[in-house]
Trainee: 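Quick one: this structure, given as structure tokens, is what I'll be asking you about.
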Amino acid sequence: MAYLGQEIKKLGFGLMRLPQKDGVIDVEQTKTMVDLFLQAGFTYFDTAWAYAGSEDAIRQALVERYPRESYQLATKNAAWINCKTREEAIAQFDTSLRQTGAGYFDFYLLHNLGESRTHFFDDFDLWNWVQEKKAQGLIRHVGFSFHSTAEELDAILTAHPEMEFVQLQINYADWENPAVQSRACYEVARKHGKPVIIMEPVKGGMLASPPKPVEAVLKAAEPDASSASWAIRFAAGLEGVITVLSGMSNIAQMEDNISFMKDFSGLSEAEKTALDKAREELAKIPLIPCTSCNYCAKVCPMDIGISGSFTAMNYLTLYGDKTAALNQENWLVGRHGHKRANECIHCGACEAACPQHIAIRGELETVSRELL
């Protein structure tokens with residue numbers, strides 16, 4: 001199905017996690033991956049100004065080796081990263097043009113809207129600026145990527161109906177996750193009639209090795225299918241999806257993704273049933289029942305990042321990956337300016353405010369012990 005006047009197959013090459021060699025991007029392996037991707041009929045490549053070395057690598061691996069009309073290239077503007085003026089934010093576009101050598105971008109995104117980041121795009125009036133670039137022919141389609149609540153997404157799309165698409169974090173594990181709100185955000189985008197590009201379908205690689213009970217369900221349904229394939233097919237099976245980005249890091253991952261997406265035409269009823277069972281198994285794993293309402297945060301005298309700490313702890317419980325859990329904690333707590341779980345003074349104000357009746361002080365002690 002065509003979206004925005006373009007026929008794009010449902011697998012996109014996410015360029016955030018390109019293969020590394022001696023600490024830098026392995027351009028030669030990337031070239032091989034690009035060749036395999038295009039030979040299989042896929043055409044969508046996703047990079048960003050903020051992905052160190054990625055734009056330069058894709059210039060060498062793709063732009064300098066293939067006709068410009070044979071692929072779609074997307075990149076992004078992260079105005080919230082070290083930009084104090086409109087000029088500094090706009091300069092990212094010129095840098096991206098130079099680094100990619102692409103001449104124009106098929107898809108240009110305002111990068112990672114939500115929470116405290118959105119106001120930079122408002123303050124610098126980048127909404128009108130991207131329309132000017134589109135009128136100049138330097139951008140074909142304009143949209144944004146988003147990490148926050150469905151309510152905030154609804155507000156942005158209401159304020160900016162000119163946005164042509166939205167890029168959302170969607171995967172079967174987070175479909176009903178109150179912290180990520182995959183389903184709710186997807187439904188808001190569809191309500192506004194916006195096609196969706198999906199990022200993090202494999203949850204940063206987590207769903208390539210899901211919890212054992214989940215893996216058992218999927219293996220019983222299709223013994224030869226990779227766990228990652230289930231995650232990508234779930235996302236690709238949703239209505240209104242332009243493409244699903246997979247951050248492939250080696251040739252084996254590329255070959256696996258191509259094998260099940262080359263002729264993808266939707267999920268069978270049996271596949272949908274297996275994924276429902278997989279989500280049921282996920283739901284059985286005992287997690288901290290935090291909905292990220294953040295009523296606790298409003299009364300905490302220490303400004304502890306309570307919900308972010310609990311999200312990170314749930315990562316650890318689900319996937320057993322402490323590094324990934326710590327990355328979540330660093331982003332949701334440290335990078336958002338909150339204090340960490342081990343700074344709790346056990347006053348109990350949070351527990352009186354919690355509608356889920358969570359024993360917050362005890363759970364913060366667990367976070368401190370197991371994670372920090």
Side-chain angles (χ1 to χ4, degrees), residues 14 16-17 112 114-115 145-149 168-185 198-218 227-228 230-232 234-235 245-247 249 275 278-294 296-297 304-344 350 354 356 358-372:
M16 186 170 69
R17 302 180 179 94
N112 195 8
E115 300 173 326
S145 62
F146 180 81
H147 289 273
S148 192
T149 64
L168 299 173
Q169 178 177 323
I170 293 175
N171 57 70
Y172 71 80
D174 287 330
W175 192 235
E176 304 291 359
N177 184 333
V180 180
Q181 300 187 15
S182 278
R183 181 205 284 269
C185 286
I198 292 179
M199 57 182 163
E200 302 293 354
V202 194
K203 200 171 172 67
M206 300 284 229
L207 296 179
S209 301
K212 296 299 182 185
V214 174
E215 187 174 42
V217 168
L218 301 179
S227 294
W230 282 98
I232 292 172
F234 166 79
L245 301 176
S246 179
S249 301
L275 282 163
R279 276 200 297 274
E280 288 172 8
E281 290 301 322
L282 275 173
K284 292 177 184 176
I285 298 172
L287 302 175
I288 303 169
C290 175
T291 65
S292 297
C293 70
N294 287 320
C296 57
I304 304 295
I306 298 171
S307 64
S309 297
F310 290 169
T311 296
M313 190 64 212
N314 285 341
Y315 256 64
L316 184 64
T317 301
L318 278 169
Y319 306 105
D321 188 332
K322 188 170 182 177
T323 299
L326 283 169
N327 286 339
Q328 279 290 301
E329 195 273 346
N330 180 56
W331 169 250
L332 295 171
V333 180
R335 292 282 294 276
H336 280 69
H338 302 302
K339 292 184 178 178
R340 293 189 149 85
N342 55 10
E343 296 179 78
C344 172
C350 54
C354 179
Q356 306 302 321
I358 299 169
I360 293 175
R361 288 172 290 183
E363 296 291 2
L364 288 175
E365 287 179 1
T366 301
V367 172
S368 300
R369 182 176 64 252
E370 301 292 334
L371 199 54
L372 302 182

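Note that these values count all heavy atoms, side chains included, but never hydrogens, waters or copies made by symmetry.
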Trainee: How long is the gap from OG1 on Thr366 to CG on Leu371, to the nearest 0.5 Å?
Mentor: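 Interatomic distance, Thr366 OG1 to Leu371 CG, rounded to 0.5 Å: 11.0 Å.
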
Trainee: Hey, does the side chain of Asn171 reach the backbone of Asp174 with a donor-acceptor pair shorter than 3.5 angstrom?
Mentor: yes

Trainee: Report yes if the side chains of Phe146 and Asn112 come closer than 4.5 Å at any heavy-atom pair, otherwise no.
Mentor: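 Not in contact.
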
Trainee: Let me confirm one number: the CZ-NZ distance from Arg279 to Lys284, rounded to the nearest 0.5 Å.
Mentor: 14.0 Å

Trainee: Atom CD1 of Ile198 and atom CD of Gln169: how far apart are they, to the nearest 0.5 Å?
Mentor: 11.0 Å

Trainee: Main chain of Glu215, side chain of Ser227: is a donor-acceptor contact present, judged purely on distance under 3.5 Å?
Mentor: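 Checked: no pair found.
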
Trainee: Say whether His147 and Glu115, considering side chains only, have a donor N or O and an acceptor N or O under 3.5 Å apart.
Mentor: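 Judged by distance alone, the side chains do not pair up.
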
Trainee: Considering all heavy atoms of both residues, which atom of Glu363 and which atom of Ile358 are nearest to each other, and what is their separation?
Mentor: CG-CG2, 3.9 Å

Trainee: Classify the ring geometry of Tyr315 against Tyr319: parallel below 30°, tilted from 30° to 60°, perpendicular beyond 60°.
Mentor: perpendicular

Trainee: Begin with the C-alpha distance, continue with both residues' side-chain angles, and end with the deciding distance and a verdict on side-chain contact (heavy atoms from CB on, under 4.5 Å) for Cys290 and Thr311.
Mentor: CA-CA 8 Å; Cys290 175; Thr311 296; 5.9 Å; no

Trainee: Minimum heavy-atom separation for Asp321 to Leu316, with atom names?
Mentor: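 For Asp321 and Leu316, the tightest heavy-atom pair comes out as C-CD1, 4.0 Å.
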
Trainee: Is the shortest side-chain N to carboxylate O distance from Lys203 to Glu200 below 4.0 Å?
Mentor: no

Trainee: Measure the CD-CZ distance between Gln356 and Phe310 for me, rounded to the nearest 0.5 Å.
Mentor: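 Atom-to-atom, Gln356:CD and Phe310:CZ are 11.5 Å apart.
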
Trainee: Give a yes or no on whether the ring-centroid distance for Phe234 and Trp175 is below 6.0 angstrom.
Mentor: yes

Trainee: Testing the basics here: between Arg17 and Gly204, what is the closest heavy-atom pair and its distance to 0.1 Å?
Mentor: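 What the structure gives for the nearest pair is NH2-CA, 3.7 Å.
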
Trainee: Less than 4.0 Å between a side-chain N and a carboxylate O, is that true for Lys322 and Glu370?
Mentor: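 Not counted as a salt bridge, because no side-chain N and carboxylate O are separated by less than 4.0 Å.
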
Trainee: Which heavy atom of Val214 sits nearest to which heavy atom of Ala278, and what is that distance?
Mentor: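 For Val214 versus Ala278, the nearest heavy atoms are CG2-O, 3.7 Å.
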
Trainee: Nearest 0.5 Å, please: how far is CG in Leu364 from SG in Cys350?
Mentor: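 Reported to 0.5 Å precision, the distance equals 6.5 Å.
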
Trainee: Main chain of Ile288, side chain of Asn314: is a donor-acceptor contact present, judged purely on distance under 3.5 Å?
Mentor: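 Such a contact is found between Asn314 side chain and Ile288 backbone.
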
Trainee: Please answer whether the main-chain N or O of Val367 pairs with a side-chain N or O of Ser309 as donor and acceptor at a distance below 3.5 Å.
Mentor: no

Trainee: Is any side-chain heavy atom of Leu282 less than 4.5 Å from a side-chain heavy atom of Pro211?
Mentor: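 The answer is yes, as the side chains (C-beta and beyond) meet within the 4.5 Å cut-off.
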
Trainee: Checking side-chain contact (heavy atoms from CB on, under 4.5 Å) for the pair Ile360/Cys296: CA distance, chi angles, key distance, verdict?
Mentor: CA-CA 9 Å; Ile360 293 175; Cys296 57; 4.0 Å; yes

Trainee: Could you tell me if Asn327 and Asn330 have a donor-acceptor pair between their side chains, going purely by distance under 3.5 Å?
Mentor: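 Checked: Asn330/Asn327 side chains show no N/O donor-acceptor pair below 3.5 Å.
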
Trainee: Output yes when a side-chain donor or acceptor of Glu343 lies under 3.5 Å from a complementary backbone atom of Arg340, and no otherwise.
Mentor: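 Yes, because the side chain of Glu343 sits within donor-acceptor range (under 3.5 Å) of the backbone of Arg340.
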
Trainee: For residues Ser307 and Asn294, is any side-chain donor paired with an opposing acceptor at under 3.5 Å?
Mentor: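 Looking only at side-chain atoms, Asn294 and Ser307 do form a donor-acceptor pair, the distance falling under 3.5 Å.
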
Trainee: Let's go through Trp230 and Leu207 carefully: what are the C-alpha distance in whole Å and the side-chain angles of both, what is the deciding distance for side-chain contact (heavy atoms from CB on, under 4.5 Å) to 0.1 Å, and is it a yes or a no?
Mentor: CA-CA 9 Å; Trp230 282 98; Leu207 296 179; over 6 Å; no

Trainee: Quick check: closest heavy atoms across Tyr172 and Pro210, and the distance to 0.1 Å?
Mentor: OH-CB, 4.1 Å

Trainee: Can you give me the closest heavy-atom contact between Ala324 and Met206, atom names plus distance?
Mentor: CB-CE, 3.4 Å

Trainee: Mind checking the NZ-SG spacing from Lys339 to Cys344? Nearest 0.5 Å is all I need.
Mentor: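 So the NZ of Lys339 and the SG of Cys344 are separated by 11.5 Å.
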
